[in-house]
Number of protein chains: 2
Amino acid sequence: MPSPTYQRIADDLRAAIVDGSLPPGAKLPSRHELARQYEVSDRVAVEAVRLLAAEGFVEARSGSGTYVRQRPQQQRLARSWYTDRRGGSPFRAETDAAGRTGTWECSSKRVAMTPAVAERLGVAVGDPGMCTRYTFLDDSEPVTLSTSWEPLDLTEGTPIMFPEEGPHAARGVVDRMAVIGQQITRTVETVTARTALAAEAEQLHARPGGIVMTITRVYHTADRPVETADIVIPVERYALVYEVPVR
Amino acid sequence: MPSPTYQRIADDLRAAIVDGSLPPGAKLPSRHELARQYEVSDRVAVEAVRLLAAEGFVEARSGSGTYVRQRPQQQRLARSWYTDRRGGSPFRAETDAAGRTGTWECSSKRVAMTPAVAERLGVAVGDPGMCTRYTFLDDSEPVTLSTSWEPLDLTEGTPIMFPEEGPHAARGVVDRMAVIGQQITRTVETVTARTALAAEAEQLHARPGGIVMTITRVYHTADRPVETADIVIPVERYALVYEVPVR
DNA sequence: TCGAATTTGTGCGTATGTATC
DNA sequence: GGATACATACGCACAAATTCG
């Protein structure tokens with residue numbers, strides 16, 4: 001079976017973009033022009049271009065034209081073994097090093113552990129936990145969403161019970177846990193990717209349908225998991241960098 | 001400005017899928033049904049469903065219906081500090097541990113270093129290099145593509161010049177470089193994600209437009225970078241797991 | 001086995017609105 | 001303001017796959 005026409009047109013244009021004959025910023029033929037060249041109806045050309053837009057290869061500007069997307073300079077988000085060496089939060093250390101201004105907003109509330117989170121933390125479903133939602137901002141632009149859970153059987157009644165209140169606020173998890181004698185020794189990060197949900201796209205000022213990477217992070221002491229988080233990062237603006245010692 | 005209707009319909013369905021009211025395998029209303037429910041034309045319902053299909057939430061079967069996709073069990077691809085402790089290739093160690101059968105195909109050729117690769121390896125553009133393309137198979141299913149470059153000023157004339165020939169074939173890069181006295185001490189992996197190119201989708205037996213993670217890997221000795229690779233992994237089947245010591 | 005009904009995939013022509021130049 | 005270009009929407013038509021009596 002032959003590919004449908006709109007696929008064939010999209011394939012032609014995609015190939016031209018990938019091999020550089022349509023460089024970033026170049027303007028695609030208008031859909032009238034495409035329809036004429038391929039001898040198809042206007043609508044078919046629309047479908048072809050819409051497909052490329054959904055794939056992120058081009059960006060349509062109403063009234064102006066459709067252009068090959070500039071791949072915006074990705075910032076690097078280091079997640080290496082050495083990032084937590086100094087005090088403060090890893091995110092702040094990151095942006096400071098790059099000469100940018102990292103801030104965040106958050107809110108915490110008590111929750112009952114859901115099955116997925118309970119399993120990661122090795123606690124029972126329904127156990128009490130502290131759930132904190134963060135939005136990280138880089139020069140006022142939202143760049144990362146994070147939802148974290150800590151088991152209250154560890155932190156209840158301690159000065160670090162609320163991650164962002166009291167004398168130990170705004171430090172990283174590693175430092176905060178150290179205050180109550182929990183020495184975090186390792187973190188396991190599971191990285192995958194998917195398209196952004198509508199709510200996430202809005203919060204991150206990202207394209208709806210844009211790709212996000214998700215990190216499922218679990219901090220461990222020698223004895224047990226003590227914190228877990230779901231982290232959402234738009235691929236448009238950030239790449240993850242892992243530096244790993246060998247042997 | 002209000003969202004277009006087809007977006008609103010897609011948002012409703014997407015939310016229902018994410019919160020579980022439309023579980024994996026569930027059948028979506030047909031486009032006639034959707035058009036009736038939302039009091040829109042047939043075409044608008046088609047666009048809404050097409051959007052969800054492009055995002056990978058649903059799968060349409062012609063003549064039957066449109067169904068919420070089963071998320072196939074993601075395999076985990078460990079990229080931790082300890083993976084290279086034993087001999088052989090990391091990929092083989094991985095599949096062996098999971099009780100599966102890892103094999104691969106590859107071909108090597110001499111190339112002149114391109115600017116992007118030359119920069120990673122700290123050599124001059126146009127310097128001679130050995131470029132090897134791998135397709136990794138897991139129980140005969142292609143799961144990872146990798147293109148690797150090694151500078152020939154290091155390996156020319158040595159027994160490891162061709163990665164997959166001679167007495168040291170089919171070992172990992174770390175072991176092979178050790179043969180010529182290059183002790184690899186660390187690797188830097190930059191992780192990002194994008195939609196698959198048509199050729200990649202075909203090679204990986206993946207959905208065209210499906211999401212792949214890409215890893216740009218550089219192996220370093222204490223002195224210099226000695227190998228770099230571009231690795232492409234379909235998100236459908238694999239998640240990356242980084243285990244990172246803290247402090 | 002056949003055929004009718006259903007459902008998706010694709011395509012055409014048209015219309016209206018809005019953004020850009 | 002006018003020409004151009006994209007965004008959305010309507011309605012219709014037919015092919016191909018599937019389902020089911």
Side-chain angles (χ1 to χ4, degrees), chain A residues 1-14 17 22 24-70 198 201-202 206-210, chain B residues 1-14 17 22 24-70 198 201 207-210:
Chain A
M1 49 172 174
S3 285
T5 315
Y6 76 97
Q7 288 272 11
R8 210 168 60 74
I9 299 174
D11 285 348
D12 283 357
L13 293 171
R14 200 188 291 104
I17 292 167
L22 280 172
K27 185 173 171 177
L28 265 59
S30 77
R31 61 195 198 194
H32 255 82
E33 189 59 26
L34 282 174
R36 201 185 55 74
Q37 284 176 20
Y38 286 88
E39 297 178 330
V40 293
S41 92
D42 190 356
R43 296 288 308 148
V44 176
V46 170
E47 297 300 337
V49 173
R50 173 186 295 217
L51 182 56
L52 291 176
E55 293 174 357
F57 284 101
V58 302
E59 181 178 15
R61 285 201 280 281
S62 198
S64 170
T66 304
Y67 302 85
V68 179
R69 281 172 58 111
Q70 313 269 2
E202 192 184 358
R207 218 161 37 88
Chain B
M1 50 175 173
S3 284
T5 315
Y6 77 96
Q7 289 271 10
R8 209 168 60 74
I9 299 174
D11 285 347
D12 283 357
L13 294 172
R14 199 189 291 105
I17 292 168
L22 280 173
K27 187 172 170 179
L28 265 60
S30 75
R31 69 189 195 196
H32 257 82
E33 189 59 25
L34 282 175
R36 201 185 56 72
Q37 283 176 19
Y38 286 89
E39 298 180 327
V40 293
S41 92
D42 166 290
R43 293 293 298 151
V44 175
V46 169
E47 295 303 333
V49 173
R50 172 185 296 212
L51 183 57
L52 292 176
E55 292 173 356
F57 285 101
V58 302
E59 181 179 15
R61 286 200 280 280
S62 195
S64 171
T66 304
Y67 302 86
V68 178
R69 286 179 60 134
Q70 315 268 3
R207 227 163 26 89

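In what follows, chains are A, B, ... by sequence order, proteins preceding strands, each numbered from 1.
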Chemist: Heavy atom of residues 26-51 of chain B under 4.0 Å from DNA chain D: which residues?
Modeler: B:Val40, B:Ser41, B:Asp42, B:Arg43, B:Val44
Chemist: Could you tell me the boundaries of the chain B footprint on DNA chain C, defined by atoms under 4.0 Å from its heavy atoms?
Modeler: C:dT6 to C:dG11
Chemist: So which one's nearest nucleotide on DNA chain C is more toward 5', B:Gly65 or A:Tyr6?
Modeler: B:Gly65
Chemist: Could you tell me whether B:Asp11 and B:Arg8 have a side-chain N and a carboxylate O separated by less than 4.0 Å?
Modeler: no
Chemist: Just by protein heavy atoms under 4.0 Å, how would nucleotides 16-21 of chain D read 5' to 3' in B, S and -?
Modeler: -BBS--
Chemist: In the structure I gave you, are the side-chain heavy atoms of A:Arg31 and A:Arg43 within less than 4.5 Å of one another anywhere?
Modeler: no
Chemist: What is the distance from atom OG1 of B:Thr5 to atom CD of B:Glu39, rounded to the nearest 0.5 Å?
Modeler: 11.5 Å
Chemist: side-chain contact (heavy atoms from CB on, under 4.5 Å) with B:Arg36: which residues, sequence neighbours excluded?
Modeler: B:Glu33
Chemist: I want to check one thing: is the phosphate of D:dA9, taken as OP1 and OP2, less than 4.0 Å away from some side-chain N or O of B:Thr5?
Modeler: yes
Chemist: Within the side chain of B:Lys27, is there an N or O that forms a donor-acceptor pair under 3.5 Å with the backbone of B:Val68?
Modeler: no
Chemist: Could you tell me whether the side chain of A:Thr66 reaches within less than 4.5 Å of the side chain of A:Arg61, counting heavy atoms only?
Modeler: no
Chemist: On the six-membered ring of B:Phe57, is B:Arg69 placed so that its NZ or CZ lies under 6.0 angstrom from the centre and within 45° of the ring axis?
Modeler: no
Chemist: How bent is the helix from C:dC2-D:dG21 to C:dC21-D:dG2, comparing axes over its five end pairs at each side, to the nearest 10°?
Modeler: 10°
Chemist: If you draw the axis of the six-membered ring of A:Tyr6, does the NZ or CZ of B:Arg50 fall within 45° of it and under 6.0 Å from the ring centre?
Modeler: yes
Chemist: Heavy atoms, side chains only, cut-off 4.5 Å: are B:Leu13 and B:Leu34 in contact?
Modeler: yes
Chemist: Got a sec, which residues hit salt bridge (charged side-chain N to carboxylate O under 4.0 Å, His left out) with A:Asp12, two or more places apart in sequence or on another chain?
Modeler: none
Chemist: Measure the shortest side-chain to side-chain distance between B:Ile9 and B:Gln37 over non-hydrogen atoms and say whether it is less than 4.5 angstrom.
Modeler: no
Chemist: Looking at every heavy atom in both B:Ala48 and B:Ala10, which two are closest together, and how far apart are they?
Modeler: O-CB, 3.9 Å
Chemist: Could you check if a side-chain atom of A:Leu51 sits within less than 4.5 angstrom of a side-chain atom of A:Glu47, using non-hydrogen atoms only?
Modeler: no
